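Working notes for the structure below.
Whatever order the structure lists ligands and atoms in, that order sets their numbers, starting from 1. Just so you know, these numbers use all the heavy atoms, side chains as well, and skip hydrogens, waters and symmetry mates. What you are looking at is a predicted structure, and each value in this text was computed from that prediction instead of being measured. All residue numbers in this chain count up from 1 along the given sequence.
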Amino acid sequence: MKERLEALRAEALQELQGVAGPQELGELRVKYLGKKGALTEILRGMGALSAEERPVIGEVANSVRGAIEAVIEEKTAEYRRAETEERLRSETIDVTLPGSGLPTGAVHPLNKVAQEIEDIFIGMGYTIAEGPEVETDYYNFEALNLPKNHPARDMQDSFYITDEILMRTQTSPVQIRAMKAMNGQSPLKIICPGKVYRRDDDDATHSFQFNQVEGLVIGKGIRMSDLKGTLLQFVQEMFGKQARIRLRPSFFPFTEPSAEVDVTCAQCGGSGCRMCKGTGWLEILGCGMVHPKVLEAGGYDPEEVTGFAFGMGIERIALLKYGIDDIRHFYTNDLRFLSQFARM
Ligand code: DAH
């Protein structure tokens with residue numbers, strides 16, 4: 001019996017040496033150590049042994065079992081290690097590969113310019129005021145010294161909703177609302193950005209809907225030189241320290257005197273080019289000293305306080321700042337146009 005056990009050990013170990021894979025290893029375990037396996041088979045004969053022989057054979061049998069189990073365990077560990085290694089190899093992530101880029105949005109150039117304008121005036125102590133886009137005839141025209149039969153109303157063909165209600169044609173009505181909210185108190189220093197609407201046919205320089213920023217300062221002893229200094233400060237922060245302004249006499253019903261403001265052409269620096277039509281100057285806004293009738297409509301005594309006001313088109317400022325030749329680029333959402341401003 002001892003010889004049979006030793007022969008079994010030799011046979012098993014040899015066969016295990018040549019095992020081909022985990023599946024065959026499982027089969028060999030059953031073949032040698034299983035309930036119906038070879039070792040059990042031999043041990044069935046133990047009953048026929050004498051009392052002295054039994055422990056001796058028992059010891060041999062245990063040693064054979066131990067040897068076979070040891071090899072099987074070793075092989076199992078080996079297969080597991082190989083499997084883990086293979087997994088690690090096949091699942092490697094190359095963290096140095098470039099990632100796939102996610103497209104990110106950017107602030108729209110008009111919002112960017114609006115924010116810049118706001119920042120500049122906030123830096124000068126202004127606060128931001130807002131008013132409705134659907135406005136009454138009173139705020140949009142009448143309180144701004146444009147009575148019903150005033151010829152200046154022809155300049156701004158409007159979208160009327162009823163006889164008395166319209167889409168505001170300018171941000172100037174916010175002047176009246178802001179003044180009234182002060183109940184005669186001064187000083188008042190505001191800018192009002194927002195959308196305005198006009199019955200224009202869209203082309204390179206016109207749009208039925210565009211954006212303006214209104215400015216208004218009311219206080220004791222406010223003079224035209226304050227207006228001029230404020231606008232020069234604004235223009236130099238917006239277009240650069242080299243920028244200059246000039247005021248040309250003009251007319252607006254809500255200011256007296258009124259002026260139109262030109263800035264030196266950013267393209268040629270004032271020497272004259274196609275953009276400024278050879279003049280070296282570009283018009284950027286309208287302004288003036290607040291008309292006494294407008295002060296009164298806002299609840300102020302024109303004998304007590306004075307004020308200045310100005311209004312500019314945000315699109316126009318953006319066109320000039322970035323050298324854009326068609327206002328429609330701002331509204332048509334062409335990413336080739338818009339993405340250029342992401343890096344600015
Ligand atoms: N509201 C004027 C327009 O839309 C612009 C303007 C001119 C505003 C002079 C003002 C101003 O406040 O003083 O054309």
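When non-hydrogen atoms are compared, ligand 1 lies under 4.0 Å from neither the backbone nor the side chain of Arg168.
Tyr197 pairs in a side chain to side chain donor-acceptor pair (under 3.5 Å) with only one of the listed residues (Gln170, Glu135, Glu133), which is Glu133.
Judged by the 6.0 Å and 45° rule, Arg198 forms no cation-pi pair with Phe210.
Near Gly311, the atoms of ligand 1 lying under 4.0 angstrom from a non-hydrogen atom of the residue are 6 (C), 8 (C), 10 (C), 12 (O). Atoms of ligand 1 found under 4.0 Å from any heavy atom of Ser172, numbered from 1 in the order shown, are 1 (N), 8 (C). Distances below 4.0 Å separate heavy atoms of Gln212 from the following atoms of ligand 1: 3 (C), 4 (O). Counting the atoms of ligand 1 from 1 in the order shown, those under 4.0 Å from a heavy atom of Thr255 are 13 (O). Listed by atom number, the atoms of ligand 1 under 4.0 Å from Phe252 heavy atoms are 7 (C), 9 (C). When each atom of ligand 1 is checked for a heavy atom of Gly288 under 4.0 Å away, the hits are 13 (O). Shown in contact with Gln175 at under 4.0 Å from a heavy atom are these atoms of ligand 1, numbered in order with element: 12 (O).
A donor-acceptor pair shorter than 3.5 Å can be found between the side chains of Ser63 and Arg9. Donor-acceptor pairing under 3.5 Å is recorded for the side chains of Ser172 and Glu214. Side-chain atoms of Thr169 and Asn140 form a donor-acceptor pair, as typed in the model, at a separation below 3.5 Å.
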- Determine, stepwise, if the pair Tyr300 / Leu188 fulfils side-chain contact (heavy atoms from CB on, under 4.5 Å). CA-CA 11 Å; Tyr300 286 104; Leu188 170 62; 4.1 Å; yes
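An N or O contact shorter than 3.5 Å links Glu214 to ligand 1 by distance. Geometrically, ligand 1 and Ala309 share a nitrogen or oxygen pair separated by less than 3.5 Å.
Assignment of Glu260 to the shell around ligand 1 is not supported, since no heavy atom sits closer than 4.0 Å. Residue contact check for ligand 1: Phe308 places no non-hydrogen atom closer than 4.0 Å to it.
Aromatic ring centroids of Phe341 and Tyr322 lie under 6.0 Å apart.
Not a single donor-acceptor pair under 3.5 Å links the side chain of Glu260 to the backbone N or O of Ser250.
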